[in-house]
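Working notes for the structure below.
Note on naming: letters A, B, ... go to the chains in the order of the sequence lines (proteins, then strands), and numbering restarts at 1 for each one.
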Number of protein chains: 2
Amino acid sequence: MRAGLTASRPGGRQQHGTNDLGKDTGKGSGPGRRGGYNGFSYADISDAIGIRKASIHHHFPTKAELAAVVVDRYTQQAQRGLKSLSQQVPAPAEQLQAYLGYWQGCILDAFQSFWVCAMLAGEMQMLPEDVASRVRAHFRNLAGWLTSILKAGTEQGKFQFNKLPEEEAQILMASVHGAMLSARALGDPNIFLVIVSPRIARLRAQNGQARPE
Amino acid sequence: MRAGLTASRPGGRQQHGTNDLGKDTGKGSGPGRRGGYNGFSYADISDAIGIRKASIHHHFPTKAELAAVVVDRYTQQAQRGLKSLSQQVPAPAEQLQAYLGYWQGCILDAFQSFWVCAMLAGEMQMLPEDVASRVRAHFRNLAGWLTSILKAGTEQGKFQFNKLPEEEAQILMASVHGAMLSARALGDPNIFLVIVSPRIARLRAQNGQARPE
DNA sequence: GCTTGATTACCTACTAGTAGGTAGGTTCAC
DNA sequence: GTGAACCTACCTACTAGTAGGTAATCAAGC
């Protein structure tokens, strides 16, 4: 089984006159060029995992379904990660720090679950509804987790802020996303911490230590 | 004219039995579905401006060149806008407010220059270098403008912050980008102001008025 | 233990349509 | 008459998706 593969294809689709003027249209060739909803194809996946295109269609009939499952899985993965983080690391401040650490890892590796969802968020208005709704859910989850961390932090007297925890969580989340975007756009990973660190510092600042903003 | 084309192809491709079960593959049909580097095509532009695909190639031989020119133009447009804003509106605080107002307009209209560049920033690692470098330039310009506004504001005693203006500018820029992303992802335009307003308020806060952050 | 029959996973071969891009011709202003 | 702007007609490669087949697995039913 799984013998012939494409190499030994007999009479199928002899292209017009294409003898190896490769052309390199700038797509598909080489890695690191793809991403986002329009940036991948069944063929890409087929190449990557070594299973034929049609077989992928067997499992995920349409691209929208495929993307929805991917985002679903990423969301669940992220949720599990955040949950276990909450359980293993007791201090809210450290949880937040670990969260940021994860994001820092995303700066260079674009295929982390968080970043995939963030990138799709940028394409929101052109996503199939099934995908968009899942990206929305991912953002809600993230905001929810951050809110709970902030609440726990204030209850323990570790954090202090004069907004609603929900609002502060939104601010934090946006800060991280914006910082990622800037770090990538400017090609400078340091930018991430320049932007994000002060936010965290401020949360802890007014906590008796009178740390200057 | 415009006779033959594919319709009159002689021996080619008669399909199984697929008569007009439209299927709607989810692409190309309907507006508002496209964006980003992989999200538009020469054909799209051709349809939009009523000039044939080949003619667009005459002006912009490759897609990378086309995108580079678009980003260039958007960058220049943004720069002109920011410059005239600096000239027409004297107060730094109002300039900042106008800047945010512009972004608010982007929440619903995805084809504003700022947002196009922000979206491309999300795709940074898969952009042709000629495009990526221009997106980088756009971000640098934006940061530069914000820095100058912040400097002017502090010199006039209107703003106060204990970081470098460059850093504060980066924070502000990231805040706006992140806020846009959240507003779009969550489908809630209000989120934008929830995130961004406090930042602006804080800049002015310590300015004698002791406005609670 | 065998044979069924359904289910599953995967395959080859194909489809219509679209992608970016090119060849070569026409039209028109300078 | 030169050159830019624009065109038709075409190209190859790739897109999502389909048709239909093969091999393996597994639960009956005998």
Side-chain angles (χ1 to χ4, degrees), chain A residues 1-30 33-34 36-68 126-128 130-131, chain B residues 1-30 33-34 36-68 70 126 128 130-131:
Chain A
M1 53 186 92
R2 209 196 242 250
L5 277 168
T6 40
S8 65
R9 225 150 7 140
R13 58 166 70 192
Q14 71 289 13
Q15 220 99 31
H16 299 238
T18 326
N19 26 18
D20 86 335
L21 13 89
K23 270 296 176 193
D24 187 277
T25 55
K27 280 175 80 173
S29 58
R33 235 195 146 75
R34 330 215 74 190
Y37 188 76
N38 288 318
F40 77 97
S41 70
Y42 278 87
D44 293 336
I45 302 169
S46 173
D47 287 348
I49 65 175
I51 285 176
R52 299 278 158 222
K53 218 162 60 73
S55 308
I56 305 172
H57 275 288
H58 170 71
H59 295 281
F60 311 100
T62 68
K63 194 179 180 181
E65 282 177 74
L66 196 159
M126 57 180 168
L127 294 178
D130 283 350
V131 183
Chain B
M1 337 191 154
R2 206 203 249 246
L5 272 170
T6 40
S8 64
R9 215 130 39 122
R13 53 178 64 181
Q14 71 287 13
Q15 179 158 4
H16 296 238
T18 324
N19 31 12
D20 88 333
L21 11 90
K23 273 294 173 195
D24 184 276
T25 55
K27 278 178 81 173
S29 57
R33 236 193 144 79
R34 330 216 75 192
Y37 188 76
N38 288 317
F40 77 97
S41 70
Y42 278 87
D44 292 335
I45 301 169
S46 174
D47 287 347
I49 65 176
I51 285 176
R52 300 276 159 221
K53 219 159 61 78
S55 308
I56 306 171
H57 276 288
H58 171 71
H59 295 281
F60 312 99
T62 69
K63 193 179 181 181
E65 283 177 73
L66 195 159
V70 167
M126 56 179 170
D130 283 350
V131 183

Residues B/Val70, B/Phe40; criterion side-chain contact (heavy atoms from CB on, under 4.5 Å); working and verdict:
CA-CA 12 Å; B/Val70 167; B/Phe40 77 97; over 6 Å; no

When you check the phosphate oxygens OP1 and OP2 of [N], does a side-chain N or O of [X] lie under 4.0 Å from one of them?
X       : N      : result
B/Ser55 : D/dA5  : no
A/His59 : C/dT8  : no
B/His58 : D/dC6  : no
A/Ser41 : D/dC14 : no

If I take atom [atom1] in residue [X] and atom [atom2] in nucleotide [N], what distance separates them, rounded to the nearest angstrom?
X       : N      : atom1 : atom2 : result
B/Ile49 : D/dC7  : CD1   : C1'   : 14 Å
B/Arg52 : C/dT22 : CZ    : C1'   : 17 Å
B/Lys63 : D/dC14 : NZ    : C1'   : 13 Å
B/Ile45 : C/dG20 : CD1   : P     : 8 Å
A/Phe60 : C/dC10 : CZ    : P     : 11 Å
B/His57 : C/dG20 : NE2   : P     : 7 Å
B/Ile56 : C/dT22 : CD1   : C1'   : 15 Å
B/Asn38 : D/dA16 : CG    : C1'   : 15 Å

Closest-nucleotide ordering on DNA chain C, the 5'-leading residue of B/Tyr42 and A/Lys53:
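Upstream on the strand: A/Lys53.
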
Touch class at under 4.0 angstrom, heavy-atom based, for A/Ala43 against every strand present:
sugar-phosphate

Under 3.5 Å donor-acceptor, A/Lys53 side chain and A/Ser41 backbone:
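No, A/Lys53 side chain to A/Ser41 backbone: no donor-acceptor pair under 3.5 Å.
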
Of the nucleotides C/dT12, C/dA19, C/dT22, which one has an atom closest to the side chain of B/Ala54?
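Among the listed nucleotides, the one closest to the side chain of B/Ala54 is C/dT22.
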
Where is the tightest heavy-atom contact between A/Tyr42 and A/Thr62, given as atom of each residue plus distance?
OH-C, 2.8 Å

Minimal non-hydrogen separation, B/Ala68 against B/Val131, with atom names
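Looking at all heavy atoms of both residues, the closest pair is N-CG2, 3.9 Å.
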
What's the separation between atom NE2 in B/His59 and atom CD1 in B/Ile51, rounded to the nearest 0.5 Å?
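The NE2 atom of B/His59 sits 6.5 Å away from the CD1 atom of B/Ile51.
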
